[in-house]
Trainee: 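Got a structure for you, written out below as structure tokens; questions coming shortly.
When a ligand or atom number is given, it counts from 1 through the structure's own listing order.
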Amino acid sequence: MTLGHYGMAYEHISVMPFGATKADVARFNPIARVPILLLDDGEGLCDSAAILDHLDEVAGPERALVPSHGKARRRVLALLAIALGSNEKLVTALYERHFRPREIWHQPWIEACEGQVRDGYLWLEEQFTGPWFTGGEMTQADLTTAVFWSFGMAKRPGLFAKLNCPKLRALSERLEATPAFKAIQPEPEMLSKQLGGGPNSSAGATTAGAGRSA
Ligand SMILES: N[C@@H](CCC(=O)N[C@@H](CS)C(=O)NCC(=O)O)C(=O)O
């Protein structure tokens with residue numbers, strides 16, 4: 001979404017970091033995790049924080065979605081830490097459902113993780129002043145939170161429908177209407193097919209990106 005926002009050309013390659021395609025991901029990330037951004041010269045950047053930092057540098061200080069220094073930068077990074085952490089806890093709970101047979105799902109662990117998801121989003125909701133998180137200009141905190149809110153709505157609609165976060169919901173809807181978001185439609189479930197999993201599977205496909213202009 002950030003590549004799209006900056007208008008940087010890129011090729012989006014969907015690849016699962018599990019099962020048959022895990023080795024493909026491990027060629028670029030030793031711990032076989034996505035996202036990965038491959039630059040034109042073959043350099044690979046792993047983890048969204050490193051990728052976003054690079055994109056900001058290419059975009060330049062005037063356009064960068066994370067302010068370059070000072071209190072404004074710390075504020076955006078603080079918001080991002082909670083958005084990223086909340087989504088990681090959501091993914092952790094999704095994996096419990098995917099990778100353990102239903103009869104040995106550890107419900108207290110799922111509930112603890114989803115409690116952290118809820119606490120994270122409720123905190124973010126409180127922080128949102130509008131029209132954007134930090135006031136008058138959109139930052140990476142808005143974009144990342146909207147991405148994760150959409151992801152959560154797709155993967156755990158029951159959990160997210162119960163969250164009392166009207167501002168985050170509206171933020172997400174506003175950004176989903178932009179070309180950068182529209183260019184990447186949510187993908188159908190792939191994990192269960194690739195792993196031969198059952199109907200309980202609910203996590204989505206993940207992606208590795210290939211940057212062209214970045
Ligand atoms: N902190 C990482 C988290 C990335 C992440 O959660 N990736 C998952 C997506 S399904 C993954 O690759 N999972 C495979 C694994 O953790 O082994 C980031 O923001 O890039």
Trainee: Report the C-alpha distance between Gln116 and Ser86 in whole Å, list the side-chain angles of each, state the deciding distance to 0.1 Å, and finish with yes or no for side chain to side chain donor-acceptor pair (under 3.5 Å).
Mentor: CA-CA 7 Å; Gln116 286 168 287; Ser86 301; over 6 Å; no
Trainee: Would you please say whether a donor-acceptor pair under 3.5 Å links the side chains of Ser150 and Ser172?
Mentor: yes
Trainee: What atoms of ligand 1 come closer than 4.0 angstrom to any heavy atom of Phe18?
Mentor: 13 (N), 14 (C)
Trainee: Against ligand 1, does Val34 come closer than 4.0 Å with any heavy atom?
Mentor: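 The answer is yes, since Val34 has a heavy atom less than 4.0 Å from ligand 1.
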Trainee: Could you tell me whether Phe148 approaches ligand 1 through its side chain, its backbone, both or neither, with non-hydrogen atoms closer than 4.0 Å?
Mentor: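 None of Phe148 does.
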Trainee: Out of the candidates Leu143, Ile51, Val147, Val66, only one should pair with Thr2 under the side-chain contact (heavy atoms from CB on, under 4.5 Å) rule; please name it.
Mentor: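 The passing option is Leu143.
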Trainee: For Glu88, take its heavy atoms, then give the atoms of ligand 1 lying under 4.0 Å from any of them.
Mentor: 1 (N), 2 (C), 3 (C)
Trainee: Would Arg174 count as a cation-pi partner of Trp132, with NZ or CZ less than 6.0 Å from the six-membered ring centre and within 45° of the ring normal?
Mentor: yes
Trainee: Would you please classify the geometry between the Trp149 ring and the Phe160 ring as parallel, tilted or perpendicular, with 30° and 60° separating the classes?
Mentor: perpendicular
Trainee: Can you list the atoms of ligand 1 that are under 4.0 Å from a heavy atom of Pro35?
Mentor: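 Matching atoms, with element in brackets: 20 (O).
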Trainee: Of Arg33, Lys22, His98, which has the heavy atom at the shortest distance from atom 6 (O) of ligand 1?
Mentor: Arg33
Trainee: side-chain contact (heavy atoms from CB on, under 4.5 Å), that's the test. Do Asn164 and Glu125 meet it? Break it down for me.
Mentor: CA-CA 8 Å; Asn164 185 20; Glu125 174 79 9; over 6 Å; no
Trainee: Applying a heavy-atom cut-off of 4.0 Å, say which part of Ser48 lies close to ligand 1: side chain, backbone, both or neither.
Mentor: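 Both the backbone and the side chain of Ser48 come within reach of ligand 1.
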Trainee: Mark up the atoms of ligand 1 that fall under 4.0 Å of a heavy atom belonging to Asp47, in ascending order.
Mentor: 1 (N), 2 (C), 18 (C), 19 (O), 20 (O)
